[in-house]
Participant: 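So that we are looking at the same thing, I have put the structure below in structure tokens.
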Amino acid sequence: MGFGHEKYERIRSGIVYTLNKLSDEGHCYATQNMLAGSGAELLDVSEETILETMEKMISAGELKTEIKDDETVVYLPPFYFAEYGTARRLREIFSADSSVKAQINGLSEKIAASTGMAYDETQMEAITASVRNKILILTGGPGTGKTTTTLGIINALKLCGASILLAAPTGRAAKRMSEATGMEAKTIHRLLEVKPPEGFQRNENNKLQGDALIVDECSMIDIMLMYHLLKAVPDSMVLIFVGDTDQLPSVGAGNVLRDMINSDFFPVVKLTKIFRQAQTSRIIMNAHRINKGQMPDISNGKNTDFFFIECEEPEQAANEIVSLVSRRLSSHYNIPAREIQVLTPMQRGPVGAARLNEILQNAVNPGTLCLRRGGVQYRVNDKVMQIRNNYDKEVFNGDIGTVESVSTEDNELAVNFEGRTVIYDSSELEELVLAYATTVHKSQGSEYPVVVMPVMTTHYVMLQRNLVYTGITRAKKIMVIVGTQKALAMAVRNMNVLKRNTMLAERINTPVRTEVKDKWPEL
């Protein structure tokens, strides 16, 4: 391209590229030594050259640095200011006066009377804490009563005369929240009234209206989205964050929910008691066993909701999955094949999402009329997933729909997302993937009646406890694991989840520096 091997522009681009790649892996920053080493390897130059270029970029404001544990860490400015902004707004909201007029006297009796539910001591602690505090974090695993407790919190806030907003990171999670509460829940993007190309219409200059905001599935929220959300929250608003920290962290950079808990700055209520009705579900009991590092009960049986099918070879496992989805599960449980979701640890490989989608499509939805893109056929009645946020079409990463029609003349197809039809030109099909099978990461915030999940030793790089735990907790009625006991044991033992480079917890506990607060950039 005409740039010399050691030209500033080339080295600068390599540093930015490396930091962006790290953010894709969940990191907000890189250590200076790590960045110098990986940059030197990528660009085939000396570490001294990388460090000299970094110094120039820092002077120009193109990089931001901090000292952590006597080591220099390097940020791209958006992540630096998003971390600072999130910490600053959380502190400001937490310390401000509430617009909710707390009514503690007789609250337990009033809540029980209005909901008809009996709450245990920990649940009632969370309910009373929600009207006493500006920020509350409610966490717990499946079957511990997070939804029941959230309903109690909603009733407590209503008894205090509060107007309440509900939100979740994805469309499917928002829909589940609406169904559970009987109230309207929006995606965070819709709540903030995103409008391309201007961005979020709700912001520091146009705050949200309401007394309280309850946000579900908070483990999925990355640092950038949390910053934008908090900018739009008025200081007087009560914030309730609900989530399960044992699930996979957000796809984007940061580890926001865990960092907020680790800061020890906000009240946290963790629900641990598994309720009696949940104890009859082997899905829930096995999820908790896995979380404790114990092997799940894979004894199968007629009346269980959790099955394990031993398959040694990947091709054998793939064929077993097709048989389960296309015939055996759908006929036995009288459920359409499209409501059975295959979740896999990886995108590639013989039992990866790409390969499974190809063979499941041919088994479940054969046909010739289609549009093609990148070797993939899109047919009428195909199950598809949007894989990036498209603000123009108002469809977002993780939304699942069904292809309604295909026009080879107009080179476009129509997809139905929860009753709303969206048109895609053939050039836009890279935003869609087949969704008969998807990765566990992509399934966060969703629930499916029946889940089939391969767990093979070929997935060894992804075999982690929180990944299998997340996959299992997506199943509402039936969970089937196809694979080997060896691979399952590897996953249960492996707690070596990649630690994400973040400083949010430290920033929450440190008053924000004046110069950062005064020179707030628009992100």
Side-chain angles (χ1 to χ4, degrees), residues 98 100-168 173-185 211-219 238-247 257 261 266-289 291-292 303-306 447 472-473 475-477:
S98 173
V100 175
K101 301 295 179 270
Q103 297 178 11
I104 304 300
N105 292 337
L107 186 65
S108 302
E109 294 77 14
K110 290 175 185 174
I111 294 294
S114 64
T115 62
M117 295 178 184
Y119 295 96
D120 72 9
E121 189 179 337
T122 310
Q123 289 177 309
M124 192 50 70
E125 178 194 340
I127 292 166
T128 53
S130 70
V131 296
R132 281 181 167 148
N133 295 282
K134 286 297 307 302
I135 292 176
L136 172 70
I137 299 169
L138 176 65
T139 184
T144 57
K146 284 200 305 293
T147 300
T148 305
T149 308
T150 302
L151 286 169
I153 288 171
I154 288 170
N155 275 280
L157 290 166
K158 282 181 176 177
L159 285 169
C160 296
S163 59
I164 304 163
L165 302 174
L166 304 181
K175 187 181 180 206
R176 280 175 50 210
M177 199 179 187
S178 293
E179 290 167 352
T181 61
M183 295 170 60
E184 182 188 21
D211 300 310
L213 170 63
I214 302 175
V215 189
D216 200 6
E217 295 287 357
C218 287
S219 62
V238 170
L239 283 176
I240 313 291
F241 296 109
V242 184
D244 183 351
T245 52
D246 294 316
Q247 287 186 29
L257 181 63
I261 293 171
F266 311 106
V268 177
V269 177
K270 182 164 187 176
L271 304 175
T272 55
K273 178 184 173 184
I274 305 171
F275 285 88
R276 193 179 300 117
Q277 61 268 35
Q279 289 175 12
T280 62
S281 166
R282 206 179 283 177
I283 293 172
I284 288 174
M285 298 311 290
N286 278 341
H288 285 277
R289 285 177 67 87
N291 230 359
K292 293 174 185 172
N303 299 318
T304 185
D305 57 1
F306 190 101
E447 275 187 348
I472 288 171
T473 54
K476 280 199 290 190
K477 295 178 181 174

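These values consider heavy atoms only, across backbone and side chains, with no hydrogens, waters or symmetry-generated copies.
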Participant: Checking the side chain of Lys146 only, and the main-chain atoms of Gly140 only, is there a donor and an acceptor separated by less than 3.5 Å?
Facilitator: yes
Participant: Can you tell me how far apart CG (Leu213) and OG (Ser163) are? Round to the nearest 0.5 Å.
Facilitator: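 The distance works out to 11.0 Å.
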Participant: For Glu179, does the CD atom sit with more than 12 other heavy atoms under 6.0 Å from it, leaving out its own atoms?
Facilitator: yes
Participant: Start with the C-alpha gap between Thr245 and Ile261, add the side-chain angles, then the distance that decides, and say whether side-chain contact (heavy atoms from CB on, under 4.5 Å) holds.
Facilitator: CA-CA 9 Å; Thr245 52; Ile261 293 171; 3.4 Å; yes
Participant: I'd like to know whether Asp211 forms a side-chain contact (heavy atoms from CB on, under 4.5 Å) with Leu157, so could you lay out the CA-CA distance, the side-chain angles of the two residues, the decisive distance to 0.1 Å, and finally the verdict.
Facilitator: CA-CA 9 Å; Asp211 300 310; Leu157 290 166; over 6 Å; no
Participant: Among Thr272, Ile274, Thr473, exactly one meets side chain to side chain contact (heavy atoms under 4.5 Å, CB included) together with His288. Which residue is that?
Facilitator: Ile274
Participant: With Leu271 as reference, evaluate Thr144, Asp244, Thr148, Thr139 under the side chain to side chain contact (heavy atoms under 4.5 Å, CB included) test and give the passing residue.
Facilitator: Thr144
Participant: Are the side chain of Ser98 and the backbone of Lys134 linked by a donor-acceptor contact shorter than 3.5 Å?
Facilitator: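 Side chain of Ser98 to backbone of Lys134: no pair is present.
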Participant: Test your reading of the model: is there a side-chain donor-acceptor pair from Asn133 to the backbone of Ile135, 3.5 Å cut-off?
Facilitator: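 It does not hold such a pair.
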Participant: Any chance you could lay out the side-chain contact (heavy atoms from CB on, under 4.5 Å) test for Glu217 and Arg176, step after step, and finish with the verdict?
Facilitator: CA-CA 11 Å; Glu217 295 287 357; Arg176 280 175 50 210; 3.3 Å; yes
Participant: What do the steps show when you test Lys273 against Thr122 for side-chain contact (heavy atoms from CB on, under 4.5 Å), and what is the final call?
Facilitator: CA-CA 9 Å; Lys273 178 184 173 184; Thr122 310; over 6 Å; no
Participant: Compare every heavy atom of Glu184 with every heavy atom of Ser178, then report the nearest pair and how far apart it is.
Facilitator: OG-C, 3.9 Å
Participant: Once you round to the nearest 0.5 Å, how far does CD of Gln123 lie from CG of Leu151?
Facilitator: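 Atom-to-atom, Gln123:CD and Leu151:CG are 10.5 Å apart.
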Participant: Hey, which of Ile111, Ile127, Ile164 is the one that makes side chain to side chain contact (heavy atoms under 4.5 Å, CB included) with Ile153?
Facilitator: Ile127
Participant: Where the side chain of Asp305 meets the backbone of Ile283, is there a donor-acceptor pair that is under 3.5 Å apart?
Facilitator: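 Yes.
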